[in-house]
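Report on the following structure.
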Amino acid sequence: MICPICGSATENKKRCQACGSDISDFSKIYDISNILYNKGLSRASVNDFTHAEEALRKSVLFNKNNINARNVLGLVYYETGRISLALEQWVISSNIKKDDNYAVQYVEYFQRNSKELQSLNESLKIYNQALRSARQKSEDMAIIQLKKAVDLNPKFITALNLLSFCYMRENDNDKALDIIKRVLSIDSANSEALAYFRELCPDGTRFVESIKIVKTNKAYDEPVKYEPKISRKVRDSRRFRIMETLVFIAGCACTAAVMFVLVFPGISNEKQEIINKKDLEISELQKKYDEEKIKNDNDKSEELQKENESLKVEIAQYQRQMEERNTLDQLSSASALSVKGDYAGAAETISTINISHLSSDKLDEYNTLKEKVYKKQAASLLRQGRTFVNSKKYQEAKEVFEKAILYYDYDELTKYNIMYYFGLSLKELGDKEKAKDYLSQVAANHPQRNYKNLATKQLERL
């Protein structure tokens, strides 16, 4: 497991092998998170997304860095049509770990495939329209809108449940049952769909056909999307629906006129003229309908392009926020390690911090902590390296001083002492060029004369 204190990998679940911290309680919490993850994965594999979501959300609650749980939770959201929630989980996961993480591929997929993203976005907008229609008790309009929404996003369970509810309010229980079956084929334990089914069929006798669990791996190969905004396209679509209605009314009138001719063969010329007039009206309306549709399609293309650009900006902003949050976590972790006296862990953590994500006050805190920790770590490494030199273990000394030179800039005396012993180790190992470089700097700049003299003597022997 990964130690939550210093971030090091450790096999001991009771005490960190790197910093020595007691991590037994964390181990228990992480074990619970993994148990819940396995439970959620098991339920998701049989399309029980309701219980899978419940287990995976708890798993993430116990361990926010459980990227496996976050990734599968995102897939559960994707499989049930909740694209914005899926994307949120994948963005968080990709910020926790960028290498060998499927979440990165999922986010990149939707950045590359704008058409699928636009289609899912459009389905959510139409669903919002349908929801308003349903609240106004316009079930017939809501049904039309919801059909369009689920055509664009067939796994949009929220829209499917609302569609079945609208059919129930219209007393069309057979169609409602068909939609309920469709929901349960996607999510076998969906509570809302099961409640509707129990209301329609208390004894279950009408539920003749078995619910087939349709497994799909699409989401595991192709990722997801974001939370859309209501755009000008919604307003334009109203005018488009009015034209559809007019064409429908005109078609009914034409049908009635034709039936009149078939039933009464002795119709007069005046009646025939009425029919011809109706046909002409239909042609004109159809022409206007086609023109309006082309205009809507053009507006749609431009609007969707803008929304795609807006999505990219939103994702970038969200990733920036997560990076800033991770940077603050790193700073807090380094400070905690420093308080415990683990200057090696603190120095390593500080070296990974990206200061561009720090505010001015946090940058001051970072600089103060860095100076303190680097001084302590440089002095500690100097003592270790000098011990190796005195024992003539020059290779081990070289390895220690290679680390020490990363931290020696804050104390001049420590810096040139490290350079002297490093140069001495390199000389003994036969690397004369590098040894000469370090020893020359010591001879010229060391604040103490005795070290200058020692460095000069070593240079004469090269």
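Just the heavy atoms: all of them, side chains too, but no hydrogens, waters or symmetry mates, feed the values below. Because the structure is predicted, anything quoted here is derived from the model rather than measured.
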Given side chain to side chain contact (heavy atoms under 4.5 Å, CB included), test Y420 with Y438 step by step and report yes or no. CA-CA 7 Å; Y420 172 74; Y438 282 108; over 6 Å; no

Do any N or O atoms from the side chain of T368 and from the backbone of D364 form a donor-acceptor pair under 3.5 angstrom? yes

Just verifying a value: how many Å separate S42 OG and K39 NZ, rounded to the nearest 0.5 Å? 9.5 Å

Report yes if the side chains of L177 and C201 come closer than 4.5 Å at any heavy-atom pair, otherwise no. yes

Under the side-chain contact (heavy atoms from CB on, under 4.5 Å) test against L73, which residue among N68, L56, N66 passes? L56

Side-chain heavy atoms of I180 within contact of L200, under 4.5 Å: yes

Measuring from atom OH of Y37 to atom CD1 of I67, what distance do you get when rounded to the nearest 0.5 angstrom? 9.5 Å

Heavy-atom pair with the smallest gap, counting every atom of C166 and E139: O-CG, 4.1 Å

Main chain of R383, side chain of T387: is a donor-acceptor contact present, judged purely on distance under 3.5 Å? yes

Locate the shortest heavy-atom distance separating N153 from S123; write the atom from each residue and the value. CB-OG, 3.4 Å

For D187 versus F49, what's the shortest heavy-atom pair and its separation? OD1-N, 3.0 Å

State whether the side chain of N34 and the backbone N or O of Y30 hold a donor-acceptor pair below 3.5 Å, judged by distance alone. yes

side-chain hydrogen bond (donor to acceptor under 3.5 Å, both in side chains) partner of E53, chosen from K58, R43, R82: R82

Short side-chain to backbone donor-acceptor contact, R70 and E88, under 3.5 Å: no

Correct closest heavy-atom pair for D48 and A189 would be OD1-CB, 3.0 Å

Do Q105 and Y109 pass the side-chain hydrogen bond (donor to acceptor under 3.5 Å, both in side chains) test, and can you show the C-alpha distance, the side-chain angles, and the key distance before you say yes or no? CA-CA 6 Å; Q105 300 174 25; Y109 172 83; over 6 Å; no

Do side-chain atoms of N101 reach the backbone of S93 as a donor and acceptor pair under 3.5 angstrom? yes

Could you measure the distance from the CG atom of N171 to the CE atom of M168? Nearest 0.5 Å is fine. 9.5 Å

Donor-acceptor under 3.5 Å (S59 side chain, S33 main chain): yes

Do T80 and Y78 come close enough that some side-chain heavy atom pair is under 4.5 Å? no

Once rounded to the nearest 0.5 Å, what's the spacing between atom CG of N367 and atom CG of L358? 9.0 Å

Inter-residue atom distance L381.CG - E402.CD, 0.5 Å rounding: 12.0 Å

Validation row: R386, Q384 side chains within 4.5 angstrom (heavy atoms): no

K375 and D411: which non-hydrogen atoms are nearest, and at how many Å? CG-CB, 4.5 Å

Check the angle between the aromatic planes of Y407 and Y374 and answer parallel, tilted or perpendicular using the 30° and 60° thresholds. perpendicular

Is the shortest side-chain N to carboxylate O distance from E412 to K415 below 4.0 Å? no

Please answer whether the main-chain N or O of R182 pairs with a side-chain N or O of S185 as donor and acceptor at a distance below 3.5 Å. yes

With rounding to the nearest 0.5 angstrom, report the CZ to OH distance, R132 to Y127. 11.5 Å

Has Y410 got more than 12 heavy atoms of other residues, nucleotides or ligands less than 6.0 Å from its OH? yes

Side-chain donor/acceptor of Q145 to backbone N/O of A130, under 3.5 Å: yes

Closest approach of V183 and L160, non-hydrogen atoms and distance? CG2-CB, 3.5 Å

Side-chain contact test, heavy atoms from C-beta onward, threshold under 4.5 Å: evaluate it for F401 versus K398 and give yes or no. no

Would you mind reporting whether L413 and N417 have side-chain heavy atoms less than 4.5 Å apart? yes

Any donor and acceptor pair, going by atom type alone, linking the side chain of T349 with main-chain N or O of A334 inside 3.5 Å? no

Side-chain donor or acceptor of S94 paired with backbone N/O of W90 under 3.5 Å: yes

K403 and E399 ion-paired at < 4.0 Å: no

